[in-house]
Amino acid sequence: MNDSNLKEFIAAVNAEVDNKIKKIRKQADKSRKEILEKTENEALNTAYSKIKACVAEEKYKSKMAVSKAEQEARIKVLTHREELVEKIFSSVDEKLKEFTESEKYIQYLSDLLKNETTDRNSVVYLREEDLKYESELRKITGNDCSFEADKSIVYGGLSVYDRTTSVLNNKTIDNMLEEQKENFGSNYRLA
């Protein structure tokens with residue numbers, strides 16, 4: 001082989017090597033670009049998933065905080081209402097005490113008994129303190145019925161129990177007050 005053939009052969013080999021190097025570089029660049037795109041997409045998807053999870057968690061925390069605040073506000077409103085009702089009815093307690101100690105109270109008890117039918121099977125229940133009015137009340141009922149103290153009567157009034165029918169006609173102030181409290185709570189919204 002002569003020198004020029006050798007040079008041509010070396011140039012052909014070099015050209016072939018350069019061509020293959022170009023192809024390898026081109027393929028490497030393409031692979032690198034695909035790998036980078038894939039990695040970038042995976043990283044973006046992972047970041048998006050994390051962001052979505054964080055947003056969901058923050059929404060949940062925010063919803064829980066709002067619910068807790070609403071619950072605390074409801075409790076405060078209910079507590080305030082209870083305090084107002086207690087104030088209102090504590091003044092009623094005082095007025096009732098004044099009334100049961102007044103001269104009008106015996107007339108009140110008498111009026112309660114006037115519409116009642118009593119006989120020997122009837123028991124009129126009074127507060128222990130009100131048994132002192134028995135003689136005056138007996139004038140209305142006659143001497144047939146009995147009068148007894150009832151420790152459950154706190155404010156006053158009376159109950160008439162018929163032993164024959166087992167019917168108790170509760171005309172106590174306690175009962176009326178309890179009904180008023182229930183009615184008050186149902187009908188009035190206090191802020």
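What's counted below: heavy atoms across the whole structure, side chains too, no hydrogens, waters or symmetry copies.
Separating the CG atom in Leu168 from the CZ atom in Arg163 is a distance of 12.5 Å, to the nearest 0.5 Å. Expressed to the nearest 0.5 Å, how far CG of Leu96 lies from CE of Met176 amounts to 9.0 Å. Separating the CD atom in Glu136 from the OG atom in Ser110 is a distance of 6.5 Å, to the nearest 0.5 Å. Note that the OG atom of Ser102 and the OH atom of Tyr108 stand 11.5 Å from one another [nearest 0.5 Å]. Between the CZ atom of Arg138 and the CG atom of Leu113 there is a distance of 10.5 Å, given to the nearest 0.5 Å. To the nearest 0.5 Å, the span separating CD1 on Ile106 from CG on Asp130 amounts to 8.0 Å.
Each of Val123 and Leu109 belongs to its own hydrophobic cluster when Ile, Leu, Val, Met, Phe, Trp and Tyr are linked at side-chain heavy-atom distances under 4.5 angstrom. Both Leu112 and Val124 are part of a single hydrophobic cluster, where members link through side-chain heavy atoms under 4.5 Å apart.
Atom CD of Glu129 sits in a crowded spot, with more than 12 heavy atoms from other residues, nucleotides or ligands closer than 6.0 Å.
Relative ring orientation between Tyr133 and Tyr105 is described as perpendicular, the plane-to-plane angle rising above 60° on a 0-90° scale split at 30° and 60°.
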Atom pairs and distances, donor-acceptor, side-chain atoms in residues 9-33, under 3.5 Å, two or more places apart:
from	atom 1	to	atom 2	distance (Å)
Asn14	ND2	Ile10	O	3.4
Ser31	OG	Gln27	O	3.1

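Legend: residues meeting side-chain hydrogen bond (donor to acceptor under 3.5 Å, both in side chains) with Asp174, ordered by chain and number and at least two apart, are absent.
At distances below 3.5 Å, not a single donor-acceptor pair connects side-chain atoms of Ser62 with backbone N or O atoms of Glu58.
In this structure, a donor-acceptor pair under 3.5 Å is absent between the side chains of Glu37 and Asn41. When only modelled atom types and interatomic distance are considered, Tyr155 and Asp93 share a side-chain donor-acceptor pair under 3.5 Å. Side-chain polar atoms of Thr164 and Asn121 form a donor-acceptor pair below 3.5 angstrom.
For the pair Phe147/Leu137, a side-chain contact is recorded, criterion being any heavy-atom separation below 4.5 Å from C-beta on. The shortest distance between side-chain heavy atoms of Asn169 and Glu116 falls below 4.5 Å. At a threshold of 4.5 Å between non-hydrogen side-chain atoms, the residues Thr100 and Ile173 count as touching.
Between Asp119 and Asp144, the shortest heavy-atom contact is C-CB, 3.7 Å.
Here Lys76 does not pair with Glu72 in a salt bridge; the nearest charged N to carboxylate O distance is not below 4.0 Å.
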In sequence, state the C-alpha distance, the side-chain angles, and the governing distance for Lys61 and Glu57, and then conclude on salt bridge (charged side-chain N to carboxylate O under 4.0 Å, His left out). CA-CA 6 Å; Lys61 285 180 182 178; Glu57 184 179 341; 3.3 Å; yes
